There are 2 protein chains.
Amino acid sequence: MNTAPSSGSTPASAPEQPAPAAPRWLTADEQRVWRAYLHATTLLEDHLDRQLQRDAGMPHIYYGLLVKLAESPRRRLRMTELAMHAKITRSRLSHAVARLEKNGWVRREDCPSDKRGQFAVLTDEGREVLRRTAPGHVDAVRQALFARLTPEQQKSLGEIMQIVAEGLQPNEAGADLPWLR
Amino acid sequence: MNTAPSSGSTPASAPEQPAPAAPRWLTADEQRVWRAYLHATTLLEDHLDRQLQRDAGMPHIYYGLLVKLAESPRRRLRMTELAMHAKITRSRLSHAVARLEKNGWVRREDCPSDKRGQFAVLTDEGREVLRRTAPGHVDAVRQALFARLTPEQQKSLGEIMQIVAEGLQPNEAGADLPWLR
DNA sequence: GGGTGTTCCTTGAACCTTGAACTATCTCGG
DNA sequence: CCGAGATAGTTCAAGGTTCAAGGAACACCC
């Protein structure tokens, strides 16, 4: 049996519960939901990855990095901050920025106040790539997702994803819940 | 710019349409939903990948391959079928099976009726790995997803993901829509 | 039986990701 | 100042993914 492997940091729920709702396997309904989730997310991820690889010459996540930079104050962000925004490791970001730098879309700048630090800065060329490719990407997202869902479904999806994200990364940016436990 | 988003009806959009429902960018609400989606799905994917890498020694998608095989008639599936079930390319599957074979969890068998064909067959050892690791994986999925959603949300999520998946892979198993267009 | 085209699957090179080890810098208590 | 320990970011090696190319078997047609 099982030894409750992860369990460790359950946030709100009382940890001592006998948990009658932890059966060995998923119910038939849950299985259907889970499979639909897996299918949809992998298909969408692949779809967008290919779309961007084709139209912008980079994978989806790299594109996301450029977007984050474009939205940031002086079009720059510290490496660690950027990594957190994008939900990736610093290592991965390091490689990604190296590649984007090679393409001329991002440049690095030393941080004056912390000599360990680096800023990733969106170049004009990077900005231009975004400007050129954003519409196509938005269309792809809209056609694959929003165009197919009712407003109620969109709302529901947002709420659900918000919950899931917070469950996996409790201290989300902007959230300032006191650190229970 | 703005609203009146859905209404678009069919995806078979004529390129010449004025397309009043295709604004340049997402609305604020859509953006929130989209970002929540990206955060949640990348976090969950990473979470499960790490969980399985740690507990079963393979990434999530490889685990999924073993599950598919375990559910199949003689614990075997033709390569192409397996690739379609898992929503991956045949090339990727080829590499994946090579690795799983090296681990002793899958073995290949020639198809007698089609000499081009190969079966991927789950070995006893592979079955054993599944038996050992499935509970932990199910717990992880439950804790990250189902435990946090109301029954209504679960239902809604299932419907939404079903729609999205079908949009991206119209000829899904069971669906037999004629090929309009 | 010799085209022509398709399907099944594999291969190799290029690229991306991961996790751990590593350098350099900062911080803070003595 | 010193040193222990945290933090910022990179690097290395191992592995995973993609894309384009290719070999082999099938199918059909004359």
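Just so we're clear, the structure is a prediction, and the values are computed from it rather than from any experiment. Letters A, B, ... mirror the listed sequences (proteins, then strands); counts begin at 1.
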So what does A:Thr80 touch, heavy atoms closer than 4.0 Å: a base, only the sugar-phosphate, or nothing? sugar-phosphate
Measure from CE on A:Met58 to P on C:dT17 and round the result to the nearest Å. 13 Å
When every nucleotide of nucleotides 18-27 of chain C is labelled 5' to 3' by its protein contacts under 4.0 Å (heavy atoms), B for base, S for sugar-phosphate only, - for none, what sequence of letters results? BBB---BBS-
Quick one: does any side-chain atom of A:Gln153 pair with a main-chain N or O of A:Thr150 as donor and acceptor, under 3.5 Å? yes
Between A:Gln51 and A:Asp55, does any side-chain donor sit less than 3.5 Å from a side-chain acceptor? yes
Base, sugar-phosphate or nothing for B:Phe119? Non-hydrogen atoms, less than 4.0 Å. nothing
Distance col, row A:Met58:CE vs A:Asp49:CG, nearest 0.5 angstrom, shows 11.5 Å
Taking only side-chain nitrogens and oxygens of B:Arg78, does any of them come within less than 4.0 Å of OP1 or OP2 of C:dT7? no
Nearest-nucleotide check on DNA chain C, A:Tyr62 vs B:Gly117; residue mapping nearer the 5' end is B:Gly117
For B:Ser156 and A:Ser156, does a side-chain donor sit closer than 3.5 Å to a side-chain acceptor? yes
Ignoring hydrogens and geometry, is there a side-chain-to-backbone donor-acceptor pair from B:Arg107 to B:Ala120 under 3.5 Å? no
Taking B:Asp110 for its side chain and B:Pro112 for its backbone only, find out whether a donor-acceptor pair lies under 3.5 Å. no
Would you mind reading off the distance between B:Asp110 atom CG and C:dC8 atom P, rounded to a whole angstrom? 16 Å
With sequence neighbours left out, which residue pairs that include part of residues 123-136 of chain B fulfil the side-chain hydrogen bond (donor to acceptor under 3.5 Å, both in side chains) condition? B:Arg75-B:Asp124, B:Glu128-B:Arg131
Return the value, rounded to whole Å, for the distance between atom CG of B:Leu93 and atom C1' of C:dT10. 11 Å
Taking B:Val33's backbone N and O only, do any of them form a donor-acceptor pair with A:Gln154's side chain (distance below 3.5 Å, no angle check)? no
Covered region of DNA chain D, 5' end to 3' end, by chain B [heavy atoms, under 4.0 Å]: D:dG16 to D:dC26
I'd like to know if B:Arg142 pairs up with A:Glu30 as an ion pair, taking the criterion as any Lys NZ or Arg NE/NH1/NH2 lying under 4.0 Å from an Asp or Glu carboxylate oxygen. yes
Taking CZ from B:Arg90 and C1' from C:dT7, how many angstroms apart are they, rounded to a whole number? 7 Å
According to the Watson-Crick and G-U wobble definition with distances under 3.5 Å, which dot-bracket string, read 5' to 3', encodes DNA chain C, using [ ] for crossing pairs and | for pairs with another strand? ||||||||||||||||||||||||||||||
Quick one: which residue pairs count as a ring-ring contact (aromatic ring centres under 6.0 Å, His included) with a foot in residues 57-87 of chain B, not counting sequence neighbours? B:His60-B:His137, B:Tyr63-B:His137
Check ring pair (Phe, Tyr, Trp, His ring centres under 6.0 Å) between A:His47 and all other residues, then give those that pass, not counting sequence neighbours. none
